[in-house]
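Sequence lines set the chain letters: A, B, ... in the order given, protein chains first and strands last, and positions in each chain run from 1.
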Amino acid sequence: MSESNMPTNFIRQIIDEDLASGKHDKIATRFPPEPNGYLHIGHAKAIALNFGIAEDYQGRCNLRFDDTNPHKENMEFVAAIEEDVRWLGYQWADKPYYASNYFDKLYAFALELVKSGKAYVCELSADETREYRGSLKQPGKDSPFRKRSVEENVDQFERMKNGEFEDGSKVLRAKIDMAAANINMRDPMLYRIRHGVAHHQTGKAWCIYPMYDFTHPVSDALEGITHSICTLEFEDHRPLYDWVLDNISIECHPQQIEFSRLNLEYTVLSKRKLTQLVSEGFVEGWDDPRMPTIAGIRRRGYTPAAMREFCQRIGVTKSEGTVEMALLENTLREELNVNAPRRMAVLEPLKLVITNYPAGQVEEVVSPNHPQNESFGVRKTPFCNEIYIEQEDFREEANKKYKRLVMGKAVRLRNAYIIQCDEVVKDTNGEVIELRCRYVPDSIGQTPEGAPKPRGVIHWVSVRHGINAEVRMYDRLFAHPSPDAAANKEGKVFTDFLNPNSLRNLTRCVLEPALAQVSPGEVFQFERQGYFCVDAHHTHGQPVFNRTVSLRDTWAKTDKKHG
RNA sequence: UGGGGUGUGGCCAAGUGGUUAAGGCACAGGGUUUUGAUCCCUGCACUCCCAGGUUCGAAUCCUGGCACCCCAGCCA
């Protein structure tokens, strides 16, 4: 059973081969986020990949913060990342790891490179370094500091560490090949000087910080990682990853494997851009329900199971593509359809008076909580002579394609009676403000003989029993499927393509009373409309619901087609 | 000829020289239905970026093109 559910992809094939050949007998992976922002759906793909492999192969996956740049990192991000990984349902081995835990060892390995003549302290300025590096097509040239003696380099590096030099005045570089076709091998930087910033883990203990290309392979090796999985843009760094491990005294040599990062339609998945959306106020925060962050989709009502399923469905390859929103949304709907209890809510109310129903009478109609699953039980919904229906569920006249309430015609109220519309009340502007209808007695659960045939089924809420609520109708954040590409092409910026209608706030909604006691995060299906969750930030007073995703709406298509 | 990658239906993706090129999403048609939802059928690549070649046999091997992505942070 688990065999057929096991995802298969080129990385798992490599692992299978390594296990079969005896290269490894235990698998270890790692998820190495930099705590400089919130995690997004693209990270979910990496998390599902790395932690999923650990689970399926009974190995381990370390959560490791890649925290070598104190300028951009902080504890808020550390905490958020931990929460997001946990929310997705994954467990890291023993404890969270930090690259900063290895600063001592990293320094020792760097010193080892210096002593073996494979690294040197360079005093070129940033601009000079760039010039010396050459270009994509032209080789670089050696730094004048390249042939310093080992003794001098040891001395200089120690003094760098001791804080004797200013920021930017010196760096430690690997001595590889300034003419290498791969620019990453042209004497890459290993350490830089950073005074004055407190690191969230190590405080002011260090004034030199190792670069990613040096830190990453060493951290992986120290943790005994077998497969170091990263995204495609690091492919060019693999020779350097290998060079580092081949030139220091460490046994373990993990295999770096690259896969393509996730691209999703109608959104952006880059930390820089997401940070900009937050800092420039285009959204309300990292957890704005329109954001593709884990925090955002969580608040939007997505579930961990749906996210993991999505990650499985998109697969893992080296080819770059853009996944359609429809795939994400459908994965969610599939789960919510099975798990969300049904309720009725009128979002844009139109009052309807039932003229032949006794004014003081209230009856409780029985409504199943899930039409396909009796174990969800039933609830009682109060019905009386005054109800609200959805404004768009009434038209004075319509062709037979319109299966809702029409003047003079009949419709069924969900789980209740058949009604027939007799009269339309309008205000001075000609706006419909009230409907007057007759109900067919004895039509609950059946259609009595002689009763008018209902055109369809519409939802409703009792005027006297309904509760007021705010409902936030969220839509895609961007109006263009690929905001980045569009901005590039048209000489604009990606924020020019934000969807102005990504949030429609409905404040006059009426919910059935069964929705009075709900807790943050709970998800319901509002029948005929979609899935809605209780907003996590509004736990008191009038309930606030976020629309997670609409129901599939084929009517919207036909209505548009036929007018 | 800077280097490194990728090209299978609208989207994602199996496929690793040998039956009619999996599957999911999307789309189209039909059935069930007190949610225009769900569910259930049916259809949807004589062809795998292109052109040659090897082979009894090629999406898979070879050669040559083409297209697209990534790389010149003291970011990761």
When the [atom1] atoms of [M] and [N] are compared, how many Å lie between them, rounded to an integer?
N: B/rG5; M: B/rG10; atom1: C1'; value: 25 Å
N: B/rC49; M: B/rG15; atom1: P; value: 16 Å
N: B/rG43; M: B/rG4; atom1: C1'; value: 43 Å
N: B/rA58; M: B/rU19; atom1: P; value: 11 Å
N: B/rC27; M: B/rA45; atom1: C1'; value: 15 Å

Check every strand shown and say whether [X] touches a base, only sugar-phosphate, or nothing at a heavy-atom separation below 4.0 Å.
X: A/S319; result: sugar-phosphate
X: A/L124; result: base
X: A/E258; result: nothing
X: A/S260; result: nothing
X: A/Y402; result: base

Are A/H200 and A/N74 linked by a side-chain donor-acceptor pair shorter than 3.5 Å?
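Result is no, nothing qualifies.
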
Who does B/rA58 pair with, Watson-Crick or G-U, both distances under 3.5 Å?
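Its partner is none (no Watson-Crick or G-U wobble pair with both distances under 3.5 Å).
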
For nucleotides 68-71 of chain B, print each protein N/O atom paired with a nucleotide N/O atom at under 3.5 Å, atom names and distance only.
from, atom 1, to, atom 2, distance (Å)
B/rC69, O2', A/E320, OE1, 3.0
B/rC69, O2', A/E320, OE2, 3.0

Could you tell me the separation between the CZ atom of A/F376 and the C1' atom of B/rU35, rounded to a whole number of Å?
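So the CZ-C1' distance, A/F376 to B/rU35, works out to 15 Å.
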
If you go through the side-chain atoms of A/Q525, does one of them form a donor-acceptor pair with the base of B/rU35 closer than 3.5 Å?
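For A/Q525, whose side chain was compared with the base of B/rU35, there is a donor-acceptor pair (under 3.5 Å).
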
Taking atom types as they are modelled, would you say the side chain of A/R404 forms a donor-acceptor pair with the base of B/rG36 within the 3.5 Å cutoff?
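Side chain to base: pair found, below 3.5 Å.
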
Where along nucleotides 21-34 of chain B does protein come under 4.0 Å, by heavy atom, of base (B) or sugar-phosphate alone (S), with - for untouched nucleotides?
---SSSS------B

Nucleotide nearest A/D553 when distance is taken to its side chain, options B/rG15, B/rG36, B/rA76:
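Among B/rG15, B/rG36, B/rA76, the one nearest the side chain of A/D553 is B/rG36.
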
Summary of salt bridge (Lys or Arg N to Asp or Glu O under 4.0 Å) pairs that have at least one residue in residues 315-331 of chain A, sequence neighbours excluded
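Found A/E235-A/K318, A/E258-A/K318, A/E329-A/R333.
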
Using 30° and 60° as the class limits, which term best fits the ring planes of A/F383 and A/Y439: parallel, tilted or perpendicular?
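Because their plane-to-plane angle lies in the 30° to 60° range, the rings of A/F383 and A/Y439 count as tilted.
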
Look only at the side chain of A/Q276 and the backbone of A/K273, and say whether a donor-acceptor pair between them is shorter than 3.5 Å.
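No, because the side chain of A/Q276 does not come within donor-acceptor range (under 3.5 Å) of the backbone of A/K273.
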
